[in-house]
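Okay, so here's the structure we're looking at.
Only a predicted model underlies this, so the values are computations on that prediction, with no experimental measurement involved. Indexing begins at 1, ligand by ligand and atom by atom, following the structure's order. Side chains are part of it too, since the values below use all heavy atoms of this structure and drop only hydrogens, waters and symmetry mates.
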Amino acid sequence: MTQLQRIAIAPSQFQQEQILLTKEQQHYLVRVLRLREGDRFIAMDGKGKWWLAQLETEQAQILEPLTITTELPVTITLLAALPKGNGFDEVVRCCTELGVAKIAPVLSDRTLLNPSPQKLERWRRIAAEAAEQSERSFVPTILEPVAFSSAITAGVADHRYICEARGEYPHLKDVIHPVSTEILIATGPEGGWTEKEIESAIAAGFQAVSLGRRILRAVTAPVVALSIITVACEV
Ligand code: SAH
């Protein structure tokens with residue numbers, strides 16, 4: 001198993017053995033993921049095909065196709081506000097089993113704690129163990145804890161959802177796009193998101209969604225959201 005980063009590439013960007021990267025993808029690979037020239041990453045076409053690629057300046061070289069059977073055809077990034085106690089352990093374990101690609105622990109208005117570096121190490125260990133037990137090809141990336149305001153403006157996902165327990169929002173199952181390549185989904189802390197957070201997420205291009213009529217715990221909501229997405233996207 002490897003920790004290589006994955007990125008979705010549109011069919012028009014493939015030119016023989018090269019991938020022409022957009023400015024946004026170059027920024028993402030170099031500034032956000034901190035890859036350097038010569039580093040490897042996974043290029044996905046969003047339809048289940050994967051390639052090992054090597055970063056060059058404005059393009060990438062395709063090295064070889066990869067055979068993947070246990071990964072989802074879509075890259076899911078979970079932005080989960082940190083719950084109390086050790087609740088995040090369970091979020092990491094279950095969402096890894098379900099196929100998540102990246103998890104960002106989010107510090108929201110109603111999150112009290114800022115986790116220690118030891119916690120981050122622990123979550124990464126849990127992700128590795130869970131990926132192994134689920135026979136996944138990749139270990140999800142557990143990102144450094146990030147403030148909500150930065151989390152909602154980062155990334156290249158074409159579909160972004162924020163789960164809100166109250167209000168008249170459409171159900172995630174009814175809005176999910178089955179041929180998405182990158183999905184970003186956010187779930188809140190025990191106390192829920194503040195109104196301001198929901199508003200700023202919507203302003204940043206997120207769609208507010210419901211996960212059903214019952215109020216789920218902060219630990220349960222990501223698991224339910226991931227389950228709905230996998231059912232919609234996996235063929
Ligand atoms: N205490 C809050 C609920 C928080 S639940 C309240 O009473 O309103 C924790 C998080 O789980 C929420 O912020 C939301 O992101 C998610 N969640 C829980 N139940 C949900 C539901 N039915 N639909 C959508 N999101 C839900």
Please determine if R214 has a nitrogen or oxygen closer than 3.5 Å to a nitrogen or oxygen of ligand 1. yes
Could you tell me, atom by atom, which parts of ligand 1 come under 4.0 Å of a heavy atom of I215? 3 (C), 19 (N)
Taking the side chain from S134 and the backbone from R136, do they hold a donor-acceptor pair closer than 3.5 Å? no
Between Q13 and Q25: side-chain donor-acceptor atoms closer than 3.5 Å: yes
Counting only heavy atoms from other residues, nucleotides and ligands, does the tally under 6.0 Å from CD of E195 exceed 12? no
Per-residue contact class, R213 against ligand 1 - non-hydrogen pairs under 4.0 Å: neither
Starting from atom 23 (N) of ligand 1, locate the nearest protein heavy atom and write down its residue, its atom name and how far away it is, to 0.1 Å. L211 N, 2.7 Å
Would you check if the side chain of E190 reaches a backbone N or O of K84 as a donor-acceptor pair within less than 3.5 Å? yes
Is there a donor-acceptor contact under 3.5 Å linking the side chains of Q61 and Q54? no
Without hydrogens or angle criteria, can the side chains of S227 and T230 be said to hold a donor-acceptor pair below 3.5 Å? no
Using the benzene-type ring in the case of Trp, are the ring centres of F41 and W51 under 6.0 Å apart? no
Short N/O distance, under 3.5 Å, between A186 and ligand 1? no
Just let me know how V209 lines up against ligand 1, side chain, backbone, both or neither, with a heavy-atom cut-off below 4.0 Å. backbone
Closer than 4.0 Å to some heavy atom of R166 - which atoms of ligand 1 meet that? 6 (C), 7 (O), 8 (O)
Any N/O of L216 closer than 3.5 Å to an N/O of ligand 1? yes
Salt bridge check: are E199 and K196 linked by an N-O gap of less than 4.0 Å? no
Derivation and outcome, salt bridge (charged side-chain N to carboxylate O under 4.0 Å, His left out), residues R93 and E90: CA-CA 5 Å; R93 190 173 291 118; E90 214 44 42; 2.9 Å; yes
Is there at least one pair of N or O atoms, one from E190 and one from ligand 1, spaced under 3.5 Å apart? yes
If every non-hydrogen atom of A218 is compared with every non-hydrogen atom of V91, which pair is closest and at what distance? O-CG2, 4.4 Å
min-distance protein heavy atom vs atom 12 (C) of ligand 1 -> G188 N, 3.9 Å
Heavy-atom contact check, 4.0 Å cutoff: does A225 meet ligand 1? no
So, is A218 polar-close to ligand 1, with some N/O to N/O distance under 3.5 Å? no
Could you say whether the N/O atoms of A221 and ligand 1 ever approach to under 3.5 Å? no
What is the nearest protein non-hydrogen atom to atom 15 (O) of ligand 1, stated with its residue, atom name and distance? C163 O, 2.6 Å
Counting heavy atoms only, which of A165, P189, A80, A208 comes nearest to atom 9 (C) of ligand 1? P189
Is ligand 1 less than 4.0 angstrom away from at least one heavy atom of V224? no
